[in-house]
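For this chain, numbers begin at 1 and follow the sequence in order.
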Amino acid sequence: MARKVIVHTFYSGGKAVFMSEWYEPLDEHNLRQKAAEAKERGYGEIDTVTDSTGRLVKLS
């Protein structure tokens, strides 16, 4: 049986800059860790995250 995948989209300055997939929605702590990793990779300061469940998380 296939598991549903949740897609998390990370935004910097109103633009989608990074996407991550996982089998469940990430909590705010994990989202902040992924945002820090994205910043280290040069994607900019992540300020907002959405996921395919319709959730919106403001990180700044």
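The distance from atom CG of L31 to atom OG1 of T48, rounded to the nearest 0.5 Å, is 11.5 Å. Taken from CG in D51 to CD in E21, the straight-line distance is 12.5 Å, to the nearest 0.5 Å. Atom CG of L59 is separated from atom NZ of K34 by 13.5 Å, given to the nearest 0.5 angstrom. With values rounded to the nearest 0.5 angstrom, D47 atom CG is found 12.5 Å from K15 atom NZ.
The salt bridge (charged side-chain N to carboxylate O under 4.0 Å, His left out) test applied to E28 returns R32, not counting sequence neighbours. Scanning for side-chain contact (heavy atoms from CB on, under 4.5 Å) contacts around R3 gives Y23, with sequence neighbours left out. The side-chain hydrogen bond (donor to acceptor under 3.5 Å, both in side chains) test applied to N30 returns D27, not counting sequence neighbours.
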Could you list the donor-acceptor pairs under 3.5 angstrom formed between side-chain atoms of residues 5-13 and any protein atom two or more places apart in sequence or on another chain?
| unit_1 | atom_1 | unit_2 | atom_2 | d |
| --- | --- | --- | --- | --- |
| H8 | NE2 | L26 | N | 3.2 |
| S12 | OG | E45 | O | 2.9 |

